[in-house]
Amino acid sequence: VAAEILSVKRPEDLRRAAELTFNGEVVGFPFNGIFGLFSNLDIPQAAESILVAKNRPVDKKLIVVALPEYVDEVVDFSKSHYSKEALKAAWTDKESVHALGMILPASFGTPVHMRQITNRETALESRTLQDKITANHYNPLSRFREFMASWMTRVRSKEMVPSIDLGTVLIIWTEYPPLRYTMECFRELGGKAWVGTSSNKNGQATDWRFPELVTDFLYDVAALVED
């Protein structure tokens with residue numbers, strides 16, 4: 001099935017792109033000069049679909065695209081040298097910044113499949129802790145109640161927990177009006193952020209023009225948005 005052809009010039013098309021990505025479909029979207037493939041950050045299968053469309057190995061890392069005002073949903077700024085306010089100012093400065101990517105400490109709001117953790121034991125420990133948190137949340141009588149009570153006491157007192165490393169996440173933003181409008185529509189639907197990467201087949205150059213995007217991905221994604 002061929003992808004839907006949409007345009008940044010039609011607000012209804014941008015809303016359609018937001019709807020498709022919210023539902024986990026992959027959309028080719030302009031990113032202020034180049035094109036990328038994007039979908040819903042919180043759906044692991046969406047990330048896999050992006051990699052499949054690119055013919056890219058499934059162990060390759062992807063990026064996060066989030067509105068600057070909500071970036072703290074996926075970043076733990078308590079472990080960063082940067083503040084949310086400083087990054088927002090940089091990301092929204094149209095005069096000096098075209099597109100800016102930052103590798104930042106991941107928070108529990110970053111899905112496990114997106115965290116870049118190099119130490120396998122640490123990664124497994126992070127997964128175990130999140131499993132414990134989830135189990136306690138949905139089952140108050142679980143055996144994790146005592147653990148969570150102790151852990152939350154330490155968090156509230158701002159005591160460091162050095163054994164927990166959630167890794168990092170690569171976040172990119174560009175203050176491009178069609179992108180902002182689409183992301184705002186995406187959030188209105190209940191989405192948090194996009195997962196994505198450049199729009200090119202593995203090992204090939206990034207698509208800079210819409211015809212190139214069509215040639216590469218017309219039958220691999222749900223929609224292509226023309227700039």
**Prompt:** Is it true that Arg209 and Glu212 make a salt bridge, defined as a side-chain N closer than 4.0 Å to a carboxylate O?
**Reply:** yes

**Message:** Take a 6.0 Å sphere around CD of Glu48 and say whether it holds more than 12 heavy atoms from other residues, nucleotides or ligands.
**Reply:** no

**Item:** Hydrophobic cluster membership, Leu213 vs Val52, 4.5 Å side-chain cutoff
**Value:** no

**Message:** Assigning hydrophobic clusters by single linkage (Ile, Leu, Val, Met, Phe, Trp, Tyr; side-chain heavy-atom cutoff under 4.5 Å), is Ile171 placed with Ile43?
**Reply:** no

**Message:** One pair to check against side chain to side chain contact (heavy atoms under 4.5 Å, CB included): Asp42 and Lys192. What are the steps and the verdict?
**Reply:** CA-CA 8 Å; Asp42 287 319; Lys192 178 167 58 185; 3.3 Å; yes

**Item:** Pair Glu85 + Lys88, salt bridge at N-O below 4.0 Å
**Value:** no

**Asked** Would you call Arg180 and Glu69 a salt bridge, using N to O less than 4.0 angstrom?
**Response** yes

**Message:** Under the criterion side-chain hydrogen bond (donor to acceptor under 3.5 Å, both in side chains), I'd like the reasoning laid out for Ser107 against Asp76: C-alpha separation, chi angles, the key distance, then a yes or no.
**Reply:** CA-CA 5 Å; Ser107 72; Asp76 184 353; over 6 Å; no

**Prompt:** Which pairs pass ring-ring contact (aromatic ring centres under 6.0 Å, His included) with one or both residues in residues 2-46, sequence neighbours excluded?
**Reply:** Phe29-Trp194, Phe31-Phe38, Phe38-Trp194

**Asked** Quick one: does Glu184's side chain get under 4.5 Å of Leu67's, heavy atoms only?
**Response** yes

**Carboxylate-amine/guanidinium contact Arg15 Glu19, below 4.0 Å** = no

**Prompt:** Which residues satisfy the side chain to side chain contact (heavy atoms under 4.5 Å, CB included) test with Thr197, sequence neighbours excluded?
**Reply:** Ile50, Lys54, Arg56, Leu62

**Message:** Walk me through whether Val225 and Asp13 qualify under side chain to side chain contact (heavy atoms under 4.5 Å, CB included).
**Reply:** CA-CA 8 Å; Val225 183; Asp13 282 7; over 6 Å; no

**Message:** Going by side chain to side chain contact (heavy atoms under 4.5 Å, CB included), name the residues that satisfy it together with Ala205, two or more places apart in sequence or in a different chain.
**Reply:** none

**Asked** After noting the C-alpha distance and the side-chain angles of Leu87 and Leu104, does the key distance pass the side chain to side chain contact (heavy atoms under 4.5 Å, CB included) rule?
**Response** CA-CA 11 Å; Leu87 286 179; Leu104 298 166; 3.6 Å; yes

**Item:** Ionic contact status for Asp72 with Lys84, cut-off 4.0 Å
**Value:** yes

**Request:** Measure across Thr92 and Pro68 and return the closest heavy-atom pair with its distance rounded to 0.1 Å.
**Result:** CG2-CG, 4.2 Å

